[in-house]
Amino acid sequence: MTLNPPVDPESFATPLKFAYWVPNVSGGLVVSKIEQRTDWGYDYNKQLAQLAENNGFDYALSQVRYIASYGAAYQHESTAFSLALLLATERLKVIAAIHPGLWHPGVLAKWIATADQLSGGRAAVNVVSGWFKDEFTKLGEPWLEHGERYRRSEEFIRYLREIWTSEHAEINGDFYRLHDFDLKPKPVITPDRPHPEVFMGGNSTDARGMGGRVTDWYFANGNTPDGISEQIRDVSDVATVHGRTVRFGVNGFLIGRPTEREARDVLREIVDKADREAVEGFGSAVKQAGQSTGDRKGMWQDSEFADLVQYNDGFRTGLIGTPEQIATRMLEYKRRGVNLFLLGFLHYLEDVEYFGREVLPIVRELEAAELERV
């Protein structure tokens, strides 16, 4: 494969970080009727979190779903589940996905501060602007148009940061207000972060602008290296204007096997056994959400049926093959500016352990070799 020249050595010197999607929603991470030895319950997830932090994972991201949809019949609430995983682990940082519009930002700020205190500074939040209209309307909440959802999310994040860091917090926005408020206790301050990290995801122009202005991390759907490079450039340009830096994560579904053929056979079986009705329903919902953007640039807009079998286009990242192929592919993304991989798996316990044993050591060897070369 053709590789771009490496980024500057100082930036490249920071090792890649790894996160995994917490399976706190039934149905696993693929919308398929293939056998899945992944469970959405707490006991399984506690074991998984402890296994993950001992196999190279820095973060876990708890999913947010409020009602049954597209193969996910059951869901555990993300913030409660995140706290449980924080208390069951020692080093793992847990990111709770939340929806502005279903949370008051002051209440969430207090909740995250408490979780952060209880876990020694390991709580984080992923602000999801929302694509699933029914989750709002069936709870009796208004469904805003695309740009307004992102405006609300940006204000929500500004509120979180203000209340976490100010003794006399003030916000006078279009959606939220805050008057001379002092949150106590505040979150833990660590050398790595002045407040809990704020993540967000998206592909649209609205998402890229918001990411550059207010978030610490920007998650992108699975994509090619060129597609990721475009988003990193756009978000970074906005961040530079505002005197900020943003770090980048990309979604990827990892299938590692001793041979590429074995890995491709697993992928083929996942797609062949896809729950067609659920995949098509999901595709219709998310494409409608993306088409509501002003420039029709949004998540899932160019996704094919096979891509949608994995919720966030994880197959498109190409982490499918031998450990050497996967590690080499990861380094290609790192050269483009990716700092973190958000990974999904078919059989979590087996595959997370395989990643730590077979893939991660090669990633670290390649990183060291690259640094020596430059």
*Give a yes or no on whether a salt bridge exists between R158 and E162, defined as a side-chain N under 4.0 angstrom from a carboxylate O.*
no
*Could you tell me whether F181 and H168 have their ring centroids closer than 6.0 angstrom?*
no
_Near-ring test Y159/F175, centroid separation under 6.0 angstrom_ = no
*In terms of side-chain heavy atoms, does W21 have a donor or acceptor partner in N251 at a distance below 3.5 Å?*
yes
_Any side-chain to backbone donor/acceptor pair from H104 onto G106? Under 3.5 Å, distance only._
yes
*Report the C-alpha separation of D58 and E53 in whole Å, then their side-chain angles, then the decisive distance to 0.1 Å, and conclude whether the side-chain contact (heavy atoms from CB on, under 4.5 Å) test is met.*
CA-CA 7 Å; D58 307 278; E53 73 174 356; over 6 Å; no
_For a side chain to side chain donor-acceptor pair (under 3.5 Å) check, start with the C-alpha distance between N203 and N221, then their side-chain angles and the critical distance, and finish with the verdict._
CA-CA 7 Å; N203 281 14; N221 264 16; 5.3 Å; no
*Roughly how far, to the nearest 0.5 Å, is CG of L343 from CZ of F253?*
10.0 Å
*Hey, what do you get for OG (S166) to CZ (R161), rounding to the nearest 0.5 Å?*
13.0 Å
*Inspect the contact between R208 and D206 and indicate whether a charged nitrogen and a carboxylate oxygen are less than 4.0 angstrom apart.*
no
_For L16 against L340, the heavy-atom pair lying closest together_ = CD2-N, 4.3 Å
_Treating H76 as the side-chain partner and N24 as the backbone partner, does any N or O pair qualify as donor plus acceptor under 3.5 Å?_
no
*asked:* Hydrogens and angles aside, do R91 and N54 bring a side-chain donor and acceptor to less than 3.5 Å of each other?
replied: yes
*Closest non-hydrogen atom pair, G201 against A207*: O-CB, 4.5 Å
*asked:* Under 4.5 Å between side-chain heavy atoms, counting indirect links through other Ile/Leu/Val/Met/Phe/Trp/Tyr residues: same cluster for V25 and I34 or not?
replied: no
*asked:* Between L349 and L51, does the side-chain contact (heavy atoms from CB on, under 4.5 Å) criterion hold? Intermediate values first, please.
replied: CA-CA 8 Å; L349 294 179; L51 182 72; 4.0 Å; yes
*Electrostatic pair R149:E145 at N-O distance under 4.0 angstrom*: no
*asked:* Can you give me the closest heavy-atom contact between L92 and A60, atom names plus distance?
replied: CD2-CB, 3.8 Å
*asked:* Could you check, using the six-membered ring where one of them is a Trp, whether F345 and Y20 have ring centers closer than 6.0 angstrom?
replied: no
_Checking W217 against K17 for the side-chain contact (heavy atoms from CB on, under 4.5 Å) test, could you report, in this order, the C-alpha distance in whole Å, the side-chain angles of both residues, the deciding distance, and whether it holds?_
CA-CA 12 Å; W217 287 88; K17 295 184 181 297; 4.3 Å; yes
*What residue among R122, K46, Q50 forms side-chain hydrogen bond (donor to acceptor under 3.5 Å, both in side chains) with T89?*
R122
*asked:* When you group the ILVMFWY residues by side-chain heavy-atom contacts below 4.5 Å and let the links chain together, are V107 and F81 in the same group?
replied: yes
_T259-E262 side chain donor-acceptor pair, cut-off 3.5 Å_ = yes
*asked:* Is any side-chain heavy atom of R177 closer than 4.5 Å to one of I171?
replied: no
*Please assess E35 against R37 for the test salt bridge (charged side-chain N to carboxylate O under 4.0 Å, His left out), listing each intermediate value before the final yes or no.*
CA-CA 7 Å; E35 179 200 10; R37 297 190 293 275; 3.4 Å; yes
*Distance in Å, T224 OG1 paired with E332 CD, rounded so as to fall on 0.5 Å steps*: 9.0 Å
*Look at the side-chain heavy atoms of Ile, Leu, Val, Met, Phe, Trp and Tyr, link any pair under 4.5 Å apart, and say whether V22 and Y66 land in one connected group.*
yes
*Aromatic plane relationship, Y176 with F156 - under 30° parallel, 30 to 60° tilted, over 60° perpendicular*: perpendicular
_Distance (rounded to the nearest 0.5 Å) between Y354 OH and L360 CG_ = 13.0 Å
*Is it true that D116 and K93 have a side-chain N and a carboxylate O under 4.0 angstrom from each other?*
no
*For the pair Q75 (side chain) and S26 (backbone), establish whether a donor and an acceptor sit closer than 3.5 Å, ignoring hydrogens and angles.*
no
*So, do F199 and Y59 have ring centers that fall under 6.0 Å from each other?*
yes
*Indicate yes or no: does E367 engage K334 in a salt bridge with an N to O separation below 4.0 Å.*
yes
*Checking Y333 side chain against F341 main chain: does a donor-acceptor pair fall under 3.5 Å?*
no
*So, D216 and R193, do they make that salt bridge, N to O below 4.0 Å?*
no
*Could you check L29 against Q63 for side-chain contact (heavy atoms from CB on, under 4.5 Å), going step by step and ending with a plain yes or no?*
CA-CA 11 Å; L29 266 289; Q63 303 174 67; 4.0 Å; yes
*Is any side-chain heavy atom of L83 less than 4.5 Å from a side-chain heavy atom of W111?*
yes
*asked:* Has T38 got a side-chain atom pairing as donor or acceptor with Y348's backbone, closer than 3.5 angstrom?
replied: yes
_Test of ring centre spacing under 6.0 Å for F219 and F248_ = no
*Just by distance, do the side chain of R244 and the backbone of T215 share a donor-acceptor pair under 3.5 Å?*
yes
*Under 3.5 Å, is there a donor-acceptor pair between the side chain of E170 and the main chain of D180?*
yes
*Do V127 and V198 have side chains that get closer than 4.5 Å, going by heavy atoms?*
yes
*Answer whether the closest heavy-atom distance between the side chains of R329 and I326 falls below 4.5 Å.*
no
*Measure from the side-chain N and O atoms of N312 to the backbone N and O of G314, and report whether any donor-acceptor pair falls under 3.5 Å.*
no
*Note: R335-E370 ion pair, threshold 4.0 Å (strictly below)*: yes
*Got a second to check how far S82's OG is from I98's CD1, nearest 0.5 Å?*
11.0 Å
*Can you find a heavy atom in the side chain of L102 that is under 4.5 Å from one in the side chain of L139?*
yes
_Whether R151 and D174 form a salt bridge (side-chain N of Lys/Arg under 4.0 Å from carboxylate O of Asp/Glu) is what I want to check._
yes
*asked:* Using a 6.0 Å cut-off, check whether atom CD of E372 has over 12 heavy atoms from anything other than its own residue.
replied: no
*Got D313 and N223 here, is their nearest side-chain heavy-atom distance under 4.5 Å?*
no
*For residues T79 and E77, is any side-chain donor paired with an opposing acceptor at under 3.5 Å?*
yes
*Please write out which residues are connected to W40 in a hydrophobic cluster, directly or through intermediates, given that two of Ile, Leu, Val, Met, Phe, Trp, Tyr count as joined at side-chain heavy-atom separations below 4.5 angstrom.*
Y74
_Test of understanding: clusters of I, L, V, M, F, W, Y form through side-chain heavy atoms closer than 4.5 Å, transitively. Do Y150 and F136 belong to the same one?_
yes
*Decide whether L85 and L118 are clustered together by the hydrophobic rule: side chain heavy atoms of Ile, Leu, Val, Met, Phe, Trp, Tyr closer than 4.5 Å, transitively.*
yes
*Spacing of I320 atom CD1 and L254 atom CG [to the nearest 0.5 Å]*: 8.5 Å
*How about I189: does its CD1 atom have over 12 heavy atoms from other parts shown lying under 6.0 Å from it?*
no
*Determine, for E148 against R152, whether the closest basic-nitrogen to carboxylate-oxygen distance falls under 4.0 angstrom.*
no
*Close side-chain approach of T14 and N339, heavy atoms under 4.5 Å*: no
*Judged by atom type as modelled, is there a donor-acceptor pair below 3.5 Å linking the side chain of S32 to the main-chain atoms of I270?*
yes
*Find out whether E197 and I95 are in side-chain contact, i.e. whether some heavy atom of one side chain is under 4.5 Å from a heavy atom of the other.*
no
